[in-house]
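Notes to accompany the following structure.
Each ligand, and each atom within it, is numbered from 1 in the order the structure gives. We're numbering straight along the sequence, starting at 1.
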Amino acid sequence: MNLTLSASILHASAHSNKRFFKKNLADNKKCSTFAGAIKKLPNCVMVALQILVLSVWVRILVGQQVKKVATLWVATFFIMIFCQIAKKHYLCSRKQLLTNYTMQTIDKYNFAGKKAIVRVDFNVPLDENGQITDDTRIRGALPTLRHILDNGGALIIMSHMGKPKGKVNPKMSLGQIREAVSKALGVEVKFAPDCAKAQEAAAALKAGEVLLLENLRFYPEEEGKPVGIDKEDPAYEEAKKAMKASQKEFAKTLASYADCYINDAFGTAHRKHASTAVIADYFDADNKMLGFLMEKEVQAVDNVLSNIRRPFTAIMGGSKVSTKIGIIENLMDKVDNLILCGGMTYTFAKAQGGKIGNSICEDDKLQLALDIIAQAKAKGVNLVLGTDCVAADAFSNDANTQVVPANDIPDGWEGMDAGPETRKQFAKAIEGAKTILWNGPAGVFEFDTFTGGSRAIAEAIAKATANGAYSLIGGGDSVACINKFGMADQVSYISTGGGALLEAIEGKVLPGVAAIKG
Ligand code: 3PG
Ligand code: MG
């Protein structure tokens, strides 16, 4: 075993070149697992291994002839240095893998006199007056945007907002956030009202100037899905082919605005769209790169997955089991405690024969809920499901409320939040944890009356974090919760990703990252 490890250490060093990194880029997971194993080795073990390697080498090279102790020690000295370098090279965190020299990196690129087109995720929540209610995603992109401007570049910012399905919809216009972006950047931001007809505005940009393009999804080419035709329609395949061709043209037009492309849209990195993936084909390897936010997010996922300190507690909320099933099954192999809360509580309650009144429920997922309970049992995972809830007689902040068992909700009432007993169980599973992942609220937190369950989760996470846990919060609603409670600075990391974060945690390759890695 030791010999194999020693040989691997030497092997890693011998290949600490382009080929080695390329191989590992294709196999991040293997590298981080192996790196994790080596990382844990104390230096004295490293030295012992090196001496072992030395003796093998000496025997191989000169047989049993070497008698001079001095020669042996000089050789040992050099091999020790050699092995330390090998160890350093093999400790390739995912961040290092993302920024190795086969890829351009934003900190090395010379932006002076260049135009940079940056894909950000400014799909921020707006209130009925078009005011931003949570600007986490804008703040998240600032380091990249500022870096380009501060280094003499001109900026073209592009994003989607909502799901306009290929049609112009003023309610989803990015014009609504232009002023907020200007304020955040401290620079006047010009606006291009048609993202595919911004050639002149882009050409006129000077160093230090900023142009924001209108919502990319006003064009169906952004998503690349044919509109107005059913999947069952025999003409669908033809329409899809035609759309893929015009998607390339659309991406080429966007690319023509700039000298280089940066993807900093982690929240949309799980989508293979014109601006997140296809566009990368129109830039050579030296002129496309990931932004700082993207690098930070990938590193945060790595912190959770490659360095799990136990107990590991995951909290999955939200209304549907169906949208979270992939991640729930994946987490089942990793976590010690799994809290399932929010609307899905009632699908579980009904599946187990409970009475749930008017509560939200996926009737076609009852068996799935029972399977999850069985899986948790088989894998020894402590599954925490709500036992009581705050029920309301209407879906409103001012509704009448009462605390009832989650499996005995009176007719005409619906579960809106976790009850006091449940909150205690949540806190118990969270407070002692050393790694925590939270996605999805425990109740209808948009209504102040029903924030109690989510607040109990946030408070327990803050407590655990203060005691040294690593806590990662992702998904628009949970992030909005943490911000609403003013507790953003009491957790380890807040991700700008929802679906993207979950897919990264499931171990899926994100197309937005893959497009740059090549
Ligand atoms: C999000 O909010 O999850 C991202 O902006 C991606 O949006 P989408 O789910 O509409 O692709
Ligand atoms: Mg989404």
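Judged by distance alone, with hydrogens and angles left aside, the side-chain atoms of Gln247 form a donor-acceptor pair with the main-chain N or O of Glu221 at under 3.5 Å. A distance-only check finds a donor-acceptor pair linking the side chain of Arg137 to the backbone of Asn123 [under 3.5 Å].
Distances below 4.0 Å separate heavy atoms of Arg217 from the following atoms of ligand 1: 7 (O), 8 (P), 10 (O), 11 (O). Interface of Lys163 with ligand 1, defined as ligand atoms under 4.0 Å from a residue heavy atom, comprises 8 (P), 9 (O), 10 (O). Interface atoms of ligand 1 facing Arg137, defined by a heavy-atom separation under 4.0 Å, are 1 (C), 2 (O), 3 (O), 4 (C), 5 (O). Remark: ligand 1 atoms within the under-4.0 Å shell around heavy atoms of Asn123 are 1 (C), 2 (O), 4 (C), 5 (O), 7 (O).
Residue Met161 places no heavy atom under 4.0 Å from ligand 1. Residue contacts with ligand 1: Gly267 is included, with a non-hydrogen atom under 4.0 Å away.
Taking distance alone, with nitrogen or oxygen atoms compared against 3.5 Å, Arg271 approaches ligand 1 more closely than that limit.
Contacts between Glu223 and ligand 1, counted as non-hydrogen atom pairs separated by less than 4.0 Å, are absent for every part of the residue.
Ring-plane geometry between Phe111 and His147 is classed as perpendicular, the angle between the planes exceeding 60 degrees on a 0 to 90 degree scale with a lower cut at 30.
In this structure, Arg455 forms a cation-pi arrangement with Phe485, its terminal cationic atom sitting closer than 6.0 Å to the ring centre and no more than 45° off the ring axis.
Listed by chain and number, the residues in a salt bridge (Lys or Arg N to Asp or Glu O under 4.0 Å) with Asp477 amount to none (sequence neighbours excluded).
Counting heavy atoms only, Asp121 comes closest to atom 4 (C) of ligand 1 of the residues Asp121, Val124, Leu501.
Residues Leu290 and Asp264 fail the side-chain proximity criterion, which asks for heavy atoms closer than 4.5 Å.
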